[in-house]
Structure formats: structure tokens, C-alpha cells
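Residue numbers begin at 1 in each chain, while the letters A, B, ... track the order of the sequences.
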Amino acid sequence: MNAKKRFLSYILPHKKFIVLISLMVLIYVAAQISQPFLIGKALNQILISEENKFFILIGVCAGLLLFGIIADFIFEYFVGILTQKIIKQIRDDVYQKINSVSIETIHNKKHGDLLQLEIGDIENVMNGLFSVFKTLIEGLLAIVITIIMMFLVNWILALLVIILTPLSIIVSRFIAKSNHKYFKKQSELQSELNALSLETLSSNEVIQSLNFEDNAIASFGLQNENLRKEAKKAQFAASWVNPSTRLVNNTIYAFIGIAGIIMIYSLAVNETVTSLMAAVDLGILSSFLSYTTQYTKPFNEVSGVLSEYETAKYSFIRINNFLNENDDIDEGKNDVSEINTIEFKDMSFSYDKDKKLIEHFNQVIHKGNKVAIVGPTGAGKSTLINLLMRFYDPDEGEILFNGISGVTISKENLRKNFGMVLQETWIFNGTILDNVRYAKPEASDEEVIEACKKSHADTFIQTLPYGYKTVVSAKEGLSEGERQMLAIARVMLLNPDIVILDEATSNVDTHTEKLISDAFDKMLLGKTSIVIAHRLSTIRNADIILVLSNGQIVEQGNHESLMKKKGFYYSLYSSQFK
Amino acid sequence: MINKVSDSYKHHPLAFIIGPFLKMIEAIFDLLIPLVMKSVIDLSSYGSASLVPNVFSRKLAEFILLFGVWVPGEENFALNNALIGGVLILLMGIVGFISTMVTQYIAARTAVLVGKEVRQSLYEKSLSLSRIEKERIGENRLLTILNADSYQVQTGVLIYIRLIVRAPFIILGALAFSFVLDIKTGFIFLAIIPLILLIVFFIMNKSSKQYVKIQSELDHLSTKTSDTINGSKVIRAFNSSDSENISYEKLTSIYQQKAIRVSRLNALINPLTFAIVSIATLVVVLLGFKSATTESVSTIITEIAYLAQIFVTLVQLTNVILILTKAKVSSKRCNEVLSIKPSVTYDENSVTKQINNGEEILSFENVCLSYVNGGNNALDNISFRLNKGQSLGIIGGTGSGKSTIISLIERFFDSTSGIVRYKGENIKHYNLKSLRSEIGLASQKSVLFKGTIKSNLLMANKLASDEDIIDVLKDSEAYEFVSKYEDNINHIVNEDGSNYSGGQRQRLSIARALISHPEIIILDDSLSALDLLTDKKVRDNISKKYKGITKIIVSQRVATIKDCDLILVLSGGKLLMSGNHDSLMKSCPTYKEIFETQIRKENE
């Protein structure tokens with residue numbers, strides 16, 4: 001879907017709302033702008049002592065104002081509601097998209113970019129929408145109605161103002177353009193500086209230990225100086241707005257004043273001229289001078305909004321591009337449960353088509369098997385897990401579950417059989433209880449606590465300020481080892497048929513690791529498990545040990561047979577005694 | 001480096017005087033322009049300056065007549081005055097514009113200079129903070145102060161120079177003139193000024209409080225989104241995309257509600273002030289009706305012009321006050337950081353020393369450390385001695401104090417009691433720069449910086465050649481993967497080294513620690529993501545190629561540290577036992593247990 005179509009799909013459902021808003025703004029602007037006109041008329045009645053007409057005019061003026069005031073409130077309030085409704089829709093859509101695209105898509109995008117899309121870009125669109133609805137519509141209307149009113153009052157003075165109009169437009173366009181340019185540059189430099197300070201300050205101990213402070217300060221200083229130069233340009237450029245507006249206003253004011261006075265006093269002597277030129281009196285002059293003081297304001301506002309509109313448009317295009325990403329393909333329809341066999345059949349896979357990873361891999365896993373995958377860092381151990389869980393699908397060959405090809409099983413149905421603890425644990429912002437319960441939302445508090453006891457997380461949870469109700473987040477509150485214990489508790493709670501442990505206890509101290517491993521042994525009785533571990537002690541009793549190196553299965557067998565072979569596993573294993 | 005924000009203001013004394021002064025010129029002209037127009041009208045309608053009733057207008061009329069006759073002829077009297085008046089107004093406009101633009105320039109220049117100085121000082125100070133000091137302020141808060149609050153201070157300076165004089169001056173001036181023109185209208189003005197101020201302030205104050213709430217809702221959305229991106233695999237594994245979507249929609253609904261509430265509040269400002277000004281205008285007109293003369297009409301015209309000016313300026317003034325209040329709060333927050341006196345300081349009379357192999361390089365004497373004054377000790381009474389060329393292993397569970405010992409050796413902070421000695425000197429008296437350059441640290445988190453592999457290694461030793469770099473990469477077993485990149489050591493490193501795996505990052509940071517050929521190398525749990533074979537190779541390489549280097553190895557794996565000359569077994573900040581592997585196996589049950597669970601069982 002292109003951006004324009006997408007935008008309309010957000011706007012169109014609110015057609016009635018938009019009509020109502022337009023109506024209100026029309027009433028408001030008309031009431032506001034007719035005021036100087038009516039007051040000017042009323043002033044003339046003072047001069048000719050027409051008491052009744054004077055009061056009628058003032059009454060009409062007051063009535064119009066009342067309408068105007070109410071309409072203005074409704075207008076501004078409804079613009080807010082409309083903007084927020086549209087924004088919520090966009091934000092929900094982007095979030096759902098994050099949950100429906102493939103893991104690969106997320107992996108290829110930078111975390112910060114995605115977050116920027118959901119937060120920053122949508123805020124930009126929000127500001128843009130609000131400004132367009134509010135300022136742009138109001139400003140343009142004000143300009144048009146002011147011009148109409150001026151012509152109603154006196155066409156000669158009106159023409160004079162029109163002739164001077166390009167002055168307002170040129171000045172405000174020029175300012176808005178250069179502002180936009182400089183501020184864009186400034187915010188780019190600002191965010192570069194932010195990134196620099198984030199990187200260095202969050203690891204200032206490393207900087208200190210490397211004696212790198214002076215260099216860090218110098219490079220910050222350089223960037224800071226660049227920012228200062230651009231900021232100066234931006235701030236100075238922005239500061240032209242008000243003084244130039246006043247200058248233009250004063251110029252028009254002087255011209256209209258001179259012309260008005262001349263028309264009243266000098267030309268009034270000659271009656272033919274007066275009737276030809278349309279009569280001017282003090283009241284008319286008053287309205288005119290009021291109009292001129294207000295006249296340039298909408299020009300500035302409109303051109304100011306134009307740059308916001310540009311920013312919003314750019315952000316919306318980015319959002320639209322993301323929403324156009326393909327959803328995760330899942331053509332699988334089959335269901336599978338009580339998996340008895342998993343068979344890798346002549347399977348090949350690589351993330352990067354230029355670099356081969358796993359090739360022609362064959363292996364059968366039976367129910368109740370304990371499978372261990374070992375090998376040096378980067379050998380492709382986690383890749384096997386990614387394929388089993390269908391985060392990725394094989395390039396060639398297939399994985400059969402109970403003889404059914406994996407790609408024909410829907411991801412949801414397949415994954416419900418598994419429980420996994422990954423190397424990089426995931427803790428979200430919420431209580432300990434919520435975090436563990438994530439695996440099984442319907443579980444009672446007691447079940448959750450029971451699972452935490454099994455994973456020995458209970459011990460440290462008890463020492464937290466609010467126990468199970470303590471709020472933890474992705475970055476704060478827990479050590480890596482504690483986070484792993486919570487992830488293990490999740491799996492203990494879920495009690496799935498097949499358990500996957502990818503370096504699940506790498507940051508847990510040895511004593512606790514032993515206790516957890518005993519608990520797992522109990523839970524895994526009769527279940528299939530797939531374990532990745534560096535500490536070979538944890539996997540000695542595995543039924544099948546797959547030894548990976550550079551994506552290849554170099555050896556497979558159980559501990560005894562592999563030790564006898566005196567191959568790669570043997571050297572890995574014995575390295576810890578040397 | 002400055003110690004408080006106001007020091008930076010003092011570097012620009014003239015700007016704070018000249019800027020506002022020049023601005024005053026424009027303000028005076030702005031006030032005079034409607035009056036000049038009025039005098040021209042009066043002069044034309046009364047025909048002579050002496051007949052103009054109002055004193056002020058009369059003086060101005062006389063002033064206009066001083067310019068003499070530009071258009072000759074009695075019948076052209078009005079034309080003549082209008083021309084002079086018009087030119088006067090234009091001139092005032094132009095002069096006012098020029099003087100204002102000078103002020104705007106001064107304001108922009110001064111503001112960004114102050115902003116830069118504050119930011120730079122904040123950065124230098126933040127970089128020198130210890131972990132304890134950083135945690136006390138909060139790392140996120142520190143970054144906000146550095147990036148956002150410094151900007152607020154800058155904006156404060158900008159607005160101060162530009163508007164501190166203009167806005168109050170215009171309002172008071174317009175008020176004064178209106179009294180001069182007509183006392184009754186003067187009182188009306190006097191009444192509406194505080195009224196508008198009150199309304200605008202009340203609403204702005206309320207809405208800015210609600211903005212804070214919206215901001216925290218936005219933070220929730222941001223945290224949730226961030227969690228979702230990080231947990232994309234787990235969410236899919238638990239099949240919980242739908243429930244995530246629903247819970248997110250709840251959050252956006254709350255955000256929506258709050259945002260709409262604010263927009264309802266803000267929607268009140270315009271109509272209310274508009275109403276007040278309109279009512280005032282109508283009252284002025286109604287009052288004028290009673291006197292009903294040409295004079296009163298020209299006065300009304302002028303009064304309405306002032307009213308418009310007051311209205312615009314009042315809105316401006318409330319903005320000025322809000323911005324200055326924010327800037328004041330921000331400068332306080334900046335001062336909070338700037339005024340910190342770092343606990344780890346350079347000693348003027350510090351020493352550096354060379355010692356021979358076998359001499360004592362490091363010792364702890366009854367060292368205690370507590371992060372909070374009077375709080376629990378993170379390290380409790382630790383003592384040990386290490387000679388140059390020896391190796392030290394530190395083992396213990398999570399939270400046992402292993403890394404805290406390393407922090408004391410690197411002087412990231414100082415001990416609460418007890419003495420740490422380096423080369424026989426109290427470490428506090430040893431030259432800090434030399435200390436840190438004599439120690440190579442591969443820290444737990446293996447931090448890499450944006451740039452290239454080469455740029456990361458050069459951080460530790462500017463003078464290293466490409467060959468040196470490749471050498472240490474080989475020693476840390478990193479060259480095995482680095483050599484596969486087409487651009488070799490110039491391969492790019494993303495922020496946080498995110499394009500490398502945990503094990504790769506560890507090997508790169510070990511290489512960085514080695515490249516300066518330090519006297520002590522510290523491997524703080526920096527082998528944990530490596531398989532045992534690679535772990536062993538790295539340690540062997542270091543022993544073989546860096547003869548005489550003192551090794552300090554922190555690990556949870558017995559295999560990694562069991563060959564060390566001295567092993568410290570830590571638990572809960574206490575030193576349970578120290579000794580070599582054999583003696584610990586005999587005397588330390590905890591060590592024995594760790595060993596057995598990790599190794600002995602496999603050896604059966």
C-alpha cells in the first residue's frame with residue numbers, strides 16, 4: 001500500500017468528525033475577523049450619534065463572539081481527539097506488525113530504529129497531524145476571510161494590502177525554509193552527540209582503565225563545537241520570525257495609515273473623488289489598522305507548520321514502509337502433539353547465502369532422548385534450535401516431526417510442544433510473578449512459586465524488597481544468573497514435552513547449577529531434551545552428543561564412544577584438566 | 001571546567017547587558033507607533049497642534065510639525081503630516097528591527113556558548129565519576145542532564161537575553177499610555193492583564209503537569225516496545241503475540257485518554273483569552289460612546305491597538321516565564337552533577353615505580369568496602385599478597401565480590417577501610433595514569449566502541465602498528481575470525497559491538513588489554529563465553545608470550561583458575577580461604593565442592 005492510500009485509510013473513517021471540525025473553525029475565524037469590521041462600523045455610529053444602530057452593531061458583535069468562543073473550544077478540543085484516535089490506530093498497527101513479521105526481519109533491523117519508528121516517528125506524525133488540522137486550516141481560512149473583509153470595508157485599502165502581501169509571504173517562507181534546514185542539521189548533530197555520550201558514559205570504567213579520558217573528552221569537544229556552530233545558525237535563523245513579522249506589520253501599518261488619512265482629509269474636499277474612491281472615515285480606518293496588525297500572523301504560522309508537515313510526512317513514509325513488510329509466512333496447517341520422533345533429513349541451512357553453515361545434516365531424535373550439542377563458539381549450535389522452533393526454515397531438506405514435515409505444521413501448533421531457555425534471557429518490565437507466569441498465563445500464584453522453588457530462584461526472590469511482587473526490567477534489578485533462573489522457572493512452570501536449554505545456566509554459580517540440574521533431571525524423566533552447554537559436566541549423561549564445528553557435525557555419539565574416538569570432543573573435554 | 005552553571009554566565013557579562021538594552025529600543029518604538037498614528041489623525045482633524053486635547057498627543061504633534069513642510073499648500077496639510085508620520089513609523093520600524101536583530105544575534109551566540117560550556121563540563125565530570133557516584137545520580141538521569149537539561153539552560157539564556165526586558169516593558173508601557181490617553185480605559189487594562197496572566201498560567205501549569213504524566217505513559221510504551229523487540233523469539237515461542245497485542249492496546253488507550261485530557265485543557269486557553277480581550281474591546285468602545293467625539297474615536301483606535309499588543313505580549317510573557325522556570329530547574333540539575341567532587345582523585349605528589357620480578361606488586365591489608373555509608377560491606381576484611389610474575393585466581397558465586405576487588409585494583413573507587421598497596425606504595429599515592437596504563441583489563445562486559453577493530457585496539461595503545469594488532473589478536477585467539485573478514489582488522493564495530501557474538505567480544509577485549517604490554521593483565525570473567533579449549537589456548541598464549549606478566553583471573557570455572565599460584569575463594573564479600581589448588585583441595589570444603597561438581601565427576 002502506498003503512503004497516500006495508507007494515510008487515507010486512517011483518515012477516512014473519521015469523515016464526519018472532520019466535517020464538524022471544519023464547520024467549527026469556519027464559525028470561529030469568521031467571528032474573530034468580523035470583529036474589527038463591526039467595531040469600525042459602530043465607531044462611525046458614535047460620530048453621527050446613531051445610538052440605536054450603535055447598540056445593535058455592538059450586540060451583533062457580542063453575539064458573534066460568543067458563538068466564536070464556543071466554536072473555537074469545540075474546534076481545538078476535537079482536533080485533539082481526532083489526532084489521538086488516528087495516532088492510537090497507527091501505533092497499535094505498528095506494534096502488531098512487530099509481532100507478526102519474521103524473526104529475520106527483526107534481526108535485520110536495528111533495535112533503535114524500530115523503537116524510533118514506534119515512538120519518535122509516531123510522535124512526529126502526531127505533531128504534524130495536529131498542526132495541519134489546527135494551524136494550517138485556521139491560518140489559511142483567516143487569510144482568506146481577512147482579505148474578503150478588507151474588500152468589504154474598502155476596496156482601495158484592501159488592494160493596497162494585497163499588493164504588500166507578497167512581502168509577508170516571501171519573508172515567512174524564507175525564514176521557515178532556512179529554519180527547517182538548520183534545525184534538521186542541529187538535531188542530527190544533537191543525536192550524534194547523544195549516541196557518543198551514551199556509549200562512553202555507560203562504560204566509563206573501561207575508558208578510565210584505558211586512560212582514554214582525554215581522547216574521549218577531545219572527541220566529545222569536537223562534536224560539541226560542531227553542534228554549537230549549527231545551533232547558533234539555527235537559533236539565529238529562528239529569531240528572525242518575530243522581528244520581521246513586526247517590521248512587515250509596521251510597514252503595512254504605516255502605508256495603510258498614510259493612505260487612510262489622505263483619503264479622509266485631503267481627498268474628502270473633492271466630492272467626485274470621494275464617491276469614486278469609496279468613502280473612508282475614522283471607523284473604517286480603525287478596522288483597517290486592526291486587520292493589518294493581525295494580517296501577517298497567519299502567514300508565519302502557516303509557513304512554520306509547513307516544516308512540521310514535512311517532518312511528519314517523512315516519518316509517515318517510514319512507518320508505511322515498515323507496515324508494508326511481509327508478515328511471517330506460515331503456510332503450515334497441520335497440527336502435531338506428543339512428538340515421538342524428530343528427524344533432520346539431509347537438511348542444509350545458512351543465514352547468509354554466500355556463507356555455508358549447516359550442510360546435509362541427518363539425525364533422528366526419539367522421545368525421551370537427551371541430546372547435547374557441543375562445539376566452539378560460533379559453530380552454529382543455536383542455529384539448530386532456531387530451525388527446530390521454526391524461527392527459520394531449512395534451505396534444503398527438512399525436519400520431520402512424527403514424520404510430518406516441519407514446514408507443513410503451523411508455527412503455533414509446533415511451538416506449543418516446546419519450552420526453551422535461551423542464552424540471552426528475556427525479562428520484561430513487570431513483577432517477578434508476571435515474568436514467570438508468562439509461560440502459562442492461567443497458572444495460579446502457587447504454581448508460579450512452586451516453579452521458582454524448583455529452579456532455585458525462590459532463594460534470591462525472597463531477598464528482593466517486595467519478594468515475588470518486585471518489579472524488574474530488562475536492564476535493572478537482576479544479575480545475569482538470576483535472570484537465567486527466572487527463565488528456567490518459566491520452563492518448569494510450562495512443563496512442556498520437549499525442553500530446549502541453550503546455555504541456560506552459563507551465569508549461574510556452580511553450586512546452584514548443580515541443584516538446578518538435579519531438578520531438571522526429575523522433570524525431564526521420559527521427556528525429550530536438547531541442551532547446549534560449554535561446561536561439559538552438564539551433558540556427560542546425554543544419549544546423543546552432537547559435536548559441531550563450523551556448522552558441520554564433526555562427531556556424534558555418546559560420551560564413552562566419543563572419548564574412545566580421541567577426536568575433537570576428546571580434546572575439548574580434556575582441555576579442562578590440562 | 002566549571003563547577004556551576006552560573007560561572008558560565010559570568011564569562012559573558014556584556015551580552016547580558018547590551019542584548020536586553022538594544023531590545024528596549026524596539027520596545028519603545030513599538031509603543032510609540034500607535035501614538036504617532038493617533039497624533040497624525042488628531043493633527044489632521046483639529047488642523048493645528050495647539051488644539052489637540054491630549055498633552056501627550058499634542059507634544060507628538062508638535063514634534064511632527066518640526067519636520068516642516070514636505071508637500072506645500074494649505075489644502076495638503078493632512079497629506080503632509082501623514083507622509084511625515086508614515087516615514088517616521090517606517091524609520092522607527094527599521095531602526096527597531098536592526099537593533100533587535102543585533103540582540104537576537106548576541107542572544108544566539110551567547111546561548112550556544114553557554115550551552116557548549118555546560119555540556120562539555122558535564123561530560124568531563126561524568127566521565128570522571130566512579131560507579132558508586134554514577135549509581136547515586138542514576139545513569140539515565142545523568143544522560144538526560146547532559147543532553148536535555150544543558151539544552152534547556154541554553155534556551156533559558158536565549159530567551160532571557162531576548163525577552164526579559166521586552167515583554168514586561170511593552171505590557172507596562174501600554175498600560176501607562178492607556179492611562180495617559182484615558183484613565184477609565186487604563187483601569188480596564190489594569191484589570192485584564194492579571195486576569196489573562198492568571199488564566200494562561202493556571203492552564204499551562206496544569207497541562208505541563210499532565211505532560212509529565214503523558215511522558216511517563218510514553219516511557220511505558222517505549223519500554224514495552226523495546227521488551228517486545230528483544231523478546232521477539234520468546235514471544236513467538238510461547239505463542240503469545242495476540243495477548244501482547246491486547247496488552248499493548250490497553251497501554252495506548254491509557255495514553256490516548258491522557259493525551260485527550262491535555263488537549264481539552266489546552267483547548268481552553270485560546271477561547272478564554274480571546275473572550276477576555278474581546279470583552280475588553282467592547283467595553284472600551286462602549287465607554288467611548290459616552291463622550292462621542294472625534295477625539296474619543298481616535299483614542300479608541302489607539303487603545304484597541306494597544307490592547308492587541310498587550311494580548312500578544314502577554315502570551316509571549318507566559319511562555320518566557322515558563323521557559324525560564326524550566327531552565328532554572330535544569331540548571332539546578334546540572335549543578336548537582338557539576339558540583340560533585342570525584343572520590344578518586346589525582347594525587348599531586350604521586351609516584352611511579354619499577355620493580356623486579358618476584359617483588360611484591362599488589363597487596364590487600366584488611367580491605368573493606370561498602371557502597372553506601374554505613375551499609376553492608378560488599379568486601380569484608382580482605383587480605384592477600386601477590387608478587388610480580390605470579391598469577392592470582394579469584395573464584396566465587398554471583399555477588400561474592402570478585403569484581404569489586406578488581407575495581408579497587410583499577411581504582412574505579414577506593415576502599416572504605418584498609419589499605420591496597422601497589423608496588424609497595426599505598427595505591428592512592430601511586431600515579432593514577434601510570435597505574436592504569438600498567439594494568440590491562442578485560443572486563444566482564446567486554447565493552448567495544450563504535451568504530452573498527454583497529455580503532456578499538458588503538459584506544460589502549462595509540463602507537464601500535466598493524467602487525468602489533470594482528471599479534472595480540474592471535475594471542476587472544478581472535479585472529480581466527482578476524483582474518484576471515486575481507487577488511488581484516490579494519491572490520492567495522494557497531495555500537496556496543498552488537499555485530500559480534502559474546503565470545504568474539506571477549507576475545508577482542510582481551511586483545512585490547514594485551515596490546516599495551518601491561519605489567520598486570522586482569523581477565524575479569526572474560527573467558528566465560530569461550531569453550532574450554534579456546535579458554536585454555538588464550539591463557540597458554542599469555543603465559544608463553546608475555547613472560548613476567550602478572551595474571552589476575554576471575555572466573556566461575558575451576559579449570560580456568562586452578563593453575564594459579566594463589567587462588568582466592570570468595571563468598572558474600574568474605575575471603576573464605578586462599579592458597580594454591582592443592583592446599584585448597586585439602587583445606588577448603590567450598591573449593592573442593594566446586595571442583596568436584598565441575599571436574600572430578602567427569603574424571604571418574
Side-chain angles (χ1 to χ4, degrees), chain A residues 43 46 65 69 72-73 76-77 80-81 84 88 91-92 95-96 99 106 111 114 118-119 194 201 203-206 209-212 217 220 224 228 231-232 235-236 239 243 247 250 254 257-258 261-262 265-266 282 286 293 376-377 412 415 426 428-429 479 481 509-510 514 537 572 575-576, chain B residues 37 44 78-79 82 86 89-90 93 97 100 104 108 112 116 120 123-124 126-127 146-147 222-223 225 227 229 231-232 234 237 239 241 245 248-249 252 256 259-260 263-264 267 271 275 278 289 292 297 301 308 397-398 410 412 436-437 441 447 459-460 503 531-533 536 559 594 597 602:
Chain A
L43 287 178
I46 300 181
L65 280 174
I69 289 161
D72 185 23
F73 174 72
E76 293 200 21
Y77 181 32
I81 296 178
Q84 292 305 331
K88 177 175 158 55
R91 201 165 247 151
D92 287 347
Y95 184 81
Q96 281 165 22
N99 274 328
I106 291 191
H111 179 122
L114 271 179
E118 178 69 334
I119 305 300
N194 289 2
L201 286 187
S203 30
N204 66 335
E205 284 189 355
V206 178
S209 78
L210 292 168
N211 275 331
F212 201 68
I217 290 169
F220 184 87
N224 195 7
R228 184 194 69 81
K232 184 171 141 187
Q235 297 299 357
F236 187 56
S239 70
L247 182 63
N250 286 337
I258 295 168
I261 292 168
I262 293 169
Y265 297 101
S266 294
L282 272 182
S286 151
T293 48
T377 333
E412 192 172 337
R415 288 170 186 165
W426 181 60
F428 59 85
N429 195 24
S479 75
D509 65 84
T510 318
K514 172 90 174 57
S537 61
L572 263 183
S575 65
Q576 51 191 327
Chain B
M37 188 62 82
S44 305
L79 178 62
I89 291 176
L90 272 181
F97 176 75
T100 298
Q104 308 290 70
V112 296
K116 182 194 161 188
Q120 189 74 23
Y123 182 75
E124 285 181 33
S126 312
L127 208 55
L146 175 64
N147 295 321
S222 168
T223 311
T225 309
D227 279 351
I229 300 168
S232 49
V234 183
N239 285 325
S241 294
N245 289 343
Y248 190 77
E249 276 176 27
T252 50
Q256 188 193 23
I260 288 179
S263 69
R264 188 172 59 201
S278 307
F289 175 74
V297 173
I301 294 174
T398 12
E410 277 275 0
F412 292 144
R436 286 178 180 163
S437 70
L441 169 70
V447 180
M459 283 178 76
D531 60 275
L532 284 165
L533 203 58
K536 176 93 170 62
I594 299 175
T597 47
E602 301 175 1

Is Ile258(A) in contact with chain B via its backbone, its side chain, both, or neither, using a 4.5 Å heavy-atom distance? both
Closest heavy-atom pair and its distance - Lys116(B), Asn224(A): O-ND2, 3.1 Å
Which heavy-atom pair separates Phe73(A) from Arg264(B) by the least distance, and what is that distance? CE1-O, 3.7 Å
Part of Glu410(B) within contact of chain A (heavy atom distance under 4.5 Å): side chain
Main chain of Asp227(B), side chain of Trp426(A): is a donor-acceptor contact present, judged purely on distance under 3.5 Å? yes
State, to 0.1 Å, how close Ala108(B) and Phe236(A) come at their nearest heavy-atom pair, and which atoms those are. CB-N, 3.8 Å
Side chain to side chain donor-acceptor pair (under 3.5 Å) for Thr252(B) and Asp92(A)? Distances and angles first, verdict last. CA-CA 7 Å; Thr252(B) 50; Asp92(A) 287 347; 2.8 Å; yes
So which part of Phe212(A) gets closer than 4.5 Å to some heavy atom of chain B, the side chain, the backbone, both or neither? side chain
Using ring pair (Phe, Tyr, Trp, His ring centres under 6.0 Å) as the criterion, list what pairs up with Phe412(B), not counting sequence neighbours. none
Quick check on the interface: out of Asn429(A), Ile119(A), Ile81(A), Asn211(A), who has the most heavy-atom pairs with chain B under 4.5 Å? Asn211(A)
What one should report as the nearest heavy-atom pair of Gly86(B) and Ala254(A) is O-CB, 3.9 Å
Taking the side chain as every heavy atom from C-beta outward, state whether Phe428(A) and Val234(B) have any atom pair closer than 4.5 Å. no
How far does CG of Asn99(A) sit from OH of Tyr248(B), to the nearest 0.5 angstrom? 10.5 Å
Checking Ser222(B) against chain A: side chain, backbone, both or neither under 4.5 Å from a heavy atom? both
Most chain A-contacting option - heavy-atom pairs closer than 4.5 Å, from Ile89(B), Leu441(B), Thr225(B), Asn147(B): Asn147(B)
Flag the one option from Glu205(A), Glu76(A), Arg91(A), Gln84(A) with the top tally of heavy-atom pairs under 4.5 Å to chain B. Glu205(A)
For Gln104(B), enumerate each residue passing the side chain to side chain donor-acceptor pair (under 3.5 Å) test, keeping only those at least two apart in sequence or located in another chain. Lys23(B)
So which atom in Asn204(A) and which in Ser126(B) form the shortest heavy-atom distance, rounded to 0.1 Å? ND2-O, 3.4 Å
Just so I understand: if I count every heavy-atom pair under 4.5 Å between each of Leu114(A), Ile106(A), Asn194(A) and chain B, which residue has the most? Asn194(A)
Among Val447(B), Thr223(B), Asn245(B), residue most engaged with chain A (heavy-atom pairs, under 4.5 Å): Asn245(B)
Heavy-atom proximity to chain A below 4.5 Å, by part of Ile229(B): both
Between Gly93(B), Ala259(B), Ser437(B), Ser241(B), who has the most heavy-atom pairs with chain A when the cutoff is under 4.5 Å? Ser241(B)
Nearest heavy-atom contact between Phe220(A) and Leu146(B) is CZ-CD1, 4.2 Å
